[in-house]
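These notes are about the structure you will find just below.
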Amino acid sequence: MKRSIVFSVILFGSLAVAQAEEVLTANALTAPERTAFSLLSSVMDIVSARIDTRNCFEFRGRYPVTLFANGIEGQRKQNNMINVQLNKTPISVMGYPKTKIPEVGSQVVTAYGVTWSENLFNPVRYYRANYTFSETDDLLEMNSKLGLYLSINLNTREYTTEAITSFNRSPSSDPADSYASYIGWGMSVLSNPEYPTHKYWERFNMRRDEGTNGATYFVKDLLAFRQSCRIKIEMIGHNGSDYISQEGNLTIDLSSPTDPIVTSYDY
């Protein structure tokens, strides 16, 4: 795999070094990482529901994504937010992290937000999700509620999502390559009020490289007989103990779950 973007950042001062060490030695997800994962998962929920109202073929393509998360409670909405431009319709989700409680865990609430650039017809009526992380950050349970407008006459369809994800830290096997990654595997179920509509297999990798050059991918594969659909987000940028600021693309295609995950960055 080739790196599509190569860049370097030179850090000056002991504060930057200390922040990098905090990230590399952390045995759990950082607060920005918990919020970032919640925001990414929320976008996946909305996109998979929109695909259900039509089909995967109609949504094929690459769409720009930007994310910023500092994981701090009580911040302005721009400090924990993800934006995706899907078929000329912006999707914005805000994160509301809660302070971690020792020996209990942590929670992040996410909600859909209307931005100034919304089209006249906005297909998302509402979205709200709760993400509950275990005290050791190795297990996540989430549930969400989502409403979509099906047409300009305001007919709606409602969905719920439930998911469980496990995380583990995977440090580099090469001592000369000082990075740490968090890998996640999980399953999610998209349902309407009457019955489950789709199941998805989720895979996640968040690479931390000295708190500077980071990379993230999140892949969601449809599990269905004689159907295939893959939703993938890949981003690069800063991933430190202070905040995550990354940008990249959301890609939708007809890949099957057994197809290899093609990335532009080495994980």
Side-chain angles (χ1 to χ4, degrees), residues 34-60 63 65 82 84 86-87 89-96 105 107-114 121-134 139-167 184-204 218-233 250-259:
R34 289 192 295 271
T35 304
F37 178 87
S38 302
L39 292 170
L40 290 167
S41 178
S42 297
V43 165
M44 291 290 201
D45 279 356
I46 296 172
V47 172
S48 59
R50 290 203 61 195
I51 290 173
D52 182 68
T53 64
R54 297 184 183 180
N55 59 72
C56 190
F57 185 84
E58 289 189 31
F59 281 95
R60 291 180 307 156
Y63 308 99
V65 179
I82 187 170
V84 182
L86 182 67
N87 276 357
T89 301
I91 297 174
S92 297
V93 178
M94 322 309 178
Y96 303 92
Q107 184 183 43
V108 178
V109 175
T110 63
Y112 179 78
V114 178
F121 173 62
N122 171 22
V124 182
R125 181 184 176 191
Y126 65 86
Y127 176 84
R128 184 177 176 88
N130 293 291
Y131 294 81
T132 302
F133 294 82
S134 65
L139 187 66
L140 163 71
E141 296 182 23
M142 69 79 65
N143 59 79
S144 70
K145 293 184 178 181
L146 166 65
L148 295 180
Y149 292 115
L150 299 182
S151 63
I152 201 165
N153 62 12
L154 303 185
N155 292 331
T156 62
R157 182 177 297 175
E158 295 184 335
Y159 293 93
T160 61
T161 299
E162 294 181 314
I164 185 167
T165 305
S166 62
F167 298 95
W185 293 65
M187 297 284 293
S188 65
V189 179
L190 178 71
S191 305
N192 63 32
E194 298 179 357
Y195 53 82
T197 59
H198 293 299
K199 293 182 179 180
Y200 284 90
W201 176 28
E202 299 181 348
R203 287 167 283 180
F204 171 79
F218 194 145
V219 178
K220 191 167 181 175
D221 279 312
L222 176 66
L223 300 176
F225 182 65
R226 292 184 177 177
Q227 296 183 59
S228 62
C229 187
R230 172 172 287 176
I231 310 168
K232 181 182 74 173
I233 295 178
L250 181 148
T251 305
I252 301 172
D253 60 39
L254 301 179
S255 299
S256 67
T258 57
D259 289 336

- Message: Do the side chains of D45 and K220 get close enough for a salt bridge, i.e. N-O under 4.0 angstrom?
- Response: yes
- Item | Close side-chain approach of L223 to M187, heavy-atom, < 4.5 Å | yes
- From K145 NZ over to S191 OG, what is the distance, rounded to the nearest 0.5 angstrom? 13.0 Å
- Taking the side chain from S48 and the backbone from M44, do they hold a donor-acceptor pair closer than 3.5 Å? yes
- Least distance between heavy atoms, S188 atom then T161 atom: CB-CG2, 4.4 Å
- Output for pair (N192 CG, T53 OG1), nearest 0.5 Å, gives 12.5 Å
- Query: Any side-chain heavy-atom pair from V43 and F218 closer than 4.5 angstrom?
  - Reply: no
- Query: Any idea which heavy atoms bring A111 and Y96 closest together, and the distance?
  - Reply: CB-CE1, 4.2 Å
- Task: Determine whether I91 and I82 make a side-chain contact, defined as any pair of heavy atoms from C-beta on separated by less than 4.5 Å.
- Result: no
Compile the donor-acceptor pairs under 3.5 Å between side chains in residues 194-201 and protein atoms, sequence neighbours left out, one pair per line.
residue, atom, partner, partner atom, Å
T197, OG1, L190, O, 2.8
H198, NE2, D52, OD1, 3.1

- Note on the structure: Interatomic distance, CD1@I231 vs CD1@I46, rounded to 0.5 Å, equals 11.5 Å
- If you look at every heavy atom in Y159 and L148, which pair is closest and at what distance? CE1-CD1, 4.1 Å
- Task: Please name the pair of heavy atoms, one in N87 and one in E58, separated by the smallest distance, quoted to 0.1 Å.
- Result: ND2-O, 4.2 Å
- Message: Any heavy-atom pair between the side chains of L146 and Y112 that's under 4.5 Å?
- Response: no
- In this structure, are over 12 heavy atoms from other groups packed under 6.0 Å from R157 atom CZ? yes
- Interatomic distance, OG1@T110 vs OH@Y131, rounded to 0.5 Å, equals 4.5 Å
- Item | Nearest-0.5 Å distance, CG of residue D221 to CZ of residue R203 | 5.0 Å
- Decide yes or no for C229 and Q227: does some side-chain heavy atom of the first lie under 4.5 Å from some side-chain heavy atom of the second? no
- Query: Does V47 reach the side chain of F59, with side-chain heavy atoms less than 4.5 Å apart?
  - Reply: no
- Does S256 have any side-chain contact (heavy atoms from CB on, under 4.5 Å) partners at least two apart in sequence or in another chain, and if so, which? S228, T258, D259
- What closest approach, in Å, do M142 and S144 show between heavy atoms, and which atom pair accounts for it? CE-CB, 4.0 Å
- Message: Rounded to the nearest 0.5 Å, what separates atom CD1 in I164 from atom CG in L139?
- Response: 4.5 Å
- Task: Mark yes when over 12 heavy atoms from residues, nucleotides or ligands other than Y126 sit less than 6.0 Å from its OH; otherwise mark no.
- Result: yes
- Message: Between T89 and R50, does the side-chain contact (heavy atoms from CB on, under 4.5 Å) criterion hold? Intermediate values first, please.
- Response: CA-CA 12 Å; T89 301; R50 290 203 61 195; 4.2 Å; yes
- Item | Exercise: identify the closest heavy-atom pair between S42 and V93 | CB-CG1, 3.8 Å
- Message: In the structure I gave you, are the side-chain heavy atoms of F133 and V108 within less than 4.5 Å of one another anywhere?
- Response: yes
